[in-house]
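Remarks on the structure that follows.
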Amino acid sequence: MLSISKISLRELKLFNDDTGLNEKDFLPISKVRAMSLMANPRANSNDNVLYQAHWNEKLIAYLTVLPDIAFANNQSIPFAWISGAWVHPSFRRQGIATKLIDAVVLDWKGMLMATNFSKITEAVFEKTKTFKTVKKIEGQRFFLRKTLLSSYNCCSHSNPITYITEKFINLLNHSNLTRKFLKIPKNIEIEYFTRPDDEILNKLTLATANTLTKRSTEEINWIIRYPWLINGLLPDRAAQKFFFASVIPAFAYYMVKVFKDDELIGVLLMQHSNTRFTVPYYWFENGTEDVMAKVILLHASRAKASFINIYNQKIVNSMLNLRPYYFYSKKRTRKYLVADSMADSIGDSFELMDGDGDCAFI
């Protein structure tokens, strides 16, 4: 018999500390993701964040949500991002994911959003008839090298043929040579930080002031301190039981100030996750996007990332002008699905940054 259960933030610590989880075939949440959810400054202890489906007491599906606050029409509106839905292969196409989403919609009274989802998950959302695409943000993926890994957080190729094919394609990659000549101007200087100082926090807060989620210093610190990924070079026993990535060979944040003639012109919070490089949050002076594009491209190259995802149109345009220094690029569209009740509250004219939703954590 199918049963749906849910776990609140208050209950999550006890769940996460349960030693019996190590004996399970599958885990519905990773320890680092659970710790991050528990540290969320915008969450309430009574918020339900983990939903599970069991068939005769066997875990067959799960879904997590990320509580947040939207600022629209002079109101602060509690809502949640749907994140991390999975169904066991033997139980797919039986409506189980739809039942989990229905339970979330009921609990959160339709105050829900979703982004960064797969096409399969998008089809499930559409099937519920509760969600609609309210916003699309156009971006670009810049390839520094060709990768044939099945996922950006995948650690190895599925077979030798894909590995050999990837190596052959990259022999034709001119940018491996041309990037050696890419440099930032002599009057541009970089300063690195492991934790944001007041100036970084003030600039990022300013940059998000007109966005839907208006990140404060508290949320920025939380995002940096509690990512959903950690570094690990060998297989992790718990991570192997969790469908989504949690322990990967290469993960890092790069938090930098960019100066021109000793004047601060930009702040970049960049993330490297195996083959992918992103910039979840940023602030820069008008007219300095060319410098920011070079700084981002150089960091991605030195980190040995395969591609960069950018959704800020100014930086996209500047990056396109750096054509000799990357292999090729493709347009990307990030969709934002919004449940009906949420759409009524926030409309469709809101702005978002690259890291909003769960995008800054993974």
Side-chain angles (χ1 to χ4, degrees), residues 37 40 42-44 47-49 51 63-86 95 97-141 204 207-216 219 223 228 244 278-282 309-316 330-362:
L37 289 178
N40 184 352
R42 289 191 168 178
N44 185 292
D47 289 341
N48 289 322
V49 294
Y51 295 76
L63 180 153
T64 54
V65 302
L66 176 64
D68 205 344
I69 296 176
F71 298 87
N73 302 317
N74 298 315
Q75 299 179 73
S76 57
I77 305 166
F79 77 104
W81 297 91
I82 293 183
S83 173
W86 175 85
T98 303
K99 287 182 170 62
L100 284 174
I101 292 173
D102 288 343
V104 176
V105 170
L106 184 63
D107 271 359
W108 283 87
K109 297 180 172 57
M111 304 306 288
L112 297 162
M113 292 182 67
T115 191
N116 199 31
F117 39 75
S118 67
K119 290 184 178 180
I120 294 174
T121 304
E122 182 179 6
V124 175
F125 282 127
E126 291 175 348
K127 188 177 178 181
T128 67
K129 302 190 183 307
T130 301
F131 291 82
K132 58 186 176 183
T133 301
V134 169
K135 192 172 189 67
K136 296 180 181 180
I137 298 180
E138 300 302 321
Q140 201 87 1
R141 174 172 286 182
L204 293 182
T208 64
N210 294 321
T211 65
L212 181 68
T213 55
K214 288 187 181 181
R215 296 300 177 207
S216 71
E219 287 90 59
I223 289 167
W228 294 356
F244 300 98
T278 60
V279 190
Y281 293 100
Y282 44 80
N309 287 344
I310 299 287
Y311 290 91
N312 178 282
Q313 202 54 53
K314 287 184 177 181
I315 297 180
V316 166
K330 286 184 177 180
K331 290 184 178 180
R332 288 180 63 81
T333 301
R334 178 172 285 173
K335 296 181 180 180
Y336 293 85
L337 289 171
V338 182
D340 292 338
S341 298
M342 184 73 179
D344 293 340
S345 299
I346 65 173
D348 59 2
S349 60
F350 54 85
E351 298 298 324
L352 291 161
M353 271 208 171
D354 292 31
D356 284 330
D358 61 6
C359 301
F361 295 92
I362 54 177

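Here the shortest heavy-atom pairing between W228 and S83 reads CZ3-OG, 3.5 Å. For P78 against S76, the heavy-atom pair with the smallest separation is CD-O, 3.6 Å. Heavy atoms only, all atoms of each residue included: G110 and S341 are closest at O-CB, 3.7 Å. Between M342 and A70, the shortest heavy-atom contact is CE-CB, 3.9 Å. For the pair M353 and Y282, the tightest heavy-atom approach, listed with the atom from each and the gap, is CE-O, 3.2 Å. When all heavy atoms of Y311 and R332 are compared, the closest pair comes out as OH-NE, 3.2 Å.
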Next item on the list: Output, in order, the C-alpha distance, side-chain angles, deciding distance and verdict of side chain to side chain contact (heavy atoms under 4.5 Å, CB included) for I82 and F125.
Entry: CA-CA 10 Å; I82 293 183; F125 282 127; 3.6 Å; yes
Next item on the list: Check the pair T213 / D356 against side-chain hydrogen bond (donor to acceptor under 3.5 Å, both in side chains), numbers first and verdict last.
Entry: CA-CA 8 Å; T213 55; D356 284 330; 3.1 Å; yes
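A heavy-atom distance below 4.5 Å is not found between the side chains of N44 and P67. Annotation: side chain of M111 is in contact with side chain of I77 (closest heavy-atom distance under 4.5 Å). A 4.5 Å side-chain heavy-atom check between Y51 and D107 finds at least one atom pair inside the cut-off. Y336 places none of its side-chain heavy atoms less than 4.5 Å from the side chain of V134. The closest side-chain heavy-atom distance from I101 to F131 is below 4.5 Å. No side-chain heavy atom of D354 sits less than 4.5 Å from a side-chain heavy atom of T278. Residues R334 and N309 form no side-chain contact, since every pair of their non-hydrogen atoms from C-beta on lies 4.5 Å or further apart. Taking the side chain as every heavy atom from C-beta outward, Q140 and I310 never approach each other to under 4.5 Å.
In this structure, CD1 on I137 lies 10.5 Å from CD on Q313, to the nearest 0.5 angstrom. Atom CZ of F79 sits about 7.0 Å away from atom CD1 of I346, to the nearest 0.5 Å. Distance check, rounded to the nearest 0.5 Å: CG of N116 to NZ of K335 gives 13.5 Å. Distance check, rounded to the nearest 0.5 Å: OG1 of T64 to CG of D358 gives 8.0 Å. Atom CG of residue L112 and atom CG of residue D340 lie 10.5 Å apart, to the nearest 0.5 angstrom.
Salt-bridge formation is detected for the pair D68/R215: a Lys NZ or Arg NE/NH1/NH2 atom is positioned less than 4.0 Å from an Asp or Glu carboxylate oxygen.
Counting only distance, with no hydrogens or angles, the side chain of D102 and the backbone of T128 share no donor-acceptor pair below 3.5 Å. Remark: the backbone N or O of E351 is not paired with any side-chain donor or acceptor of T211 at under 3.5 angstrom. Judged by distance alone, with hydrogens and angles left aside, the side-chain atoms of W108 form a donor-acceptor pair with the main-chain N or O of N48 at under 3.5 Å.
Among the candidates L66, L337, V65, L212, the single residue satisfying the side-chain contact (heavy atoms from CB on, under 4.5 Å) test with M113 is L212.
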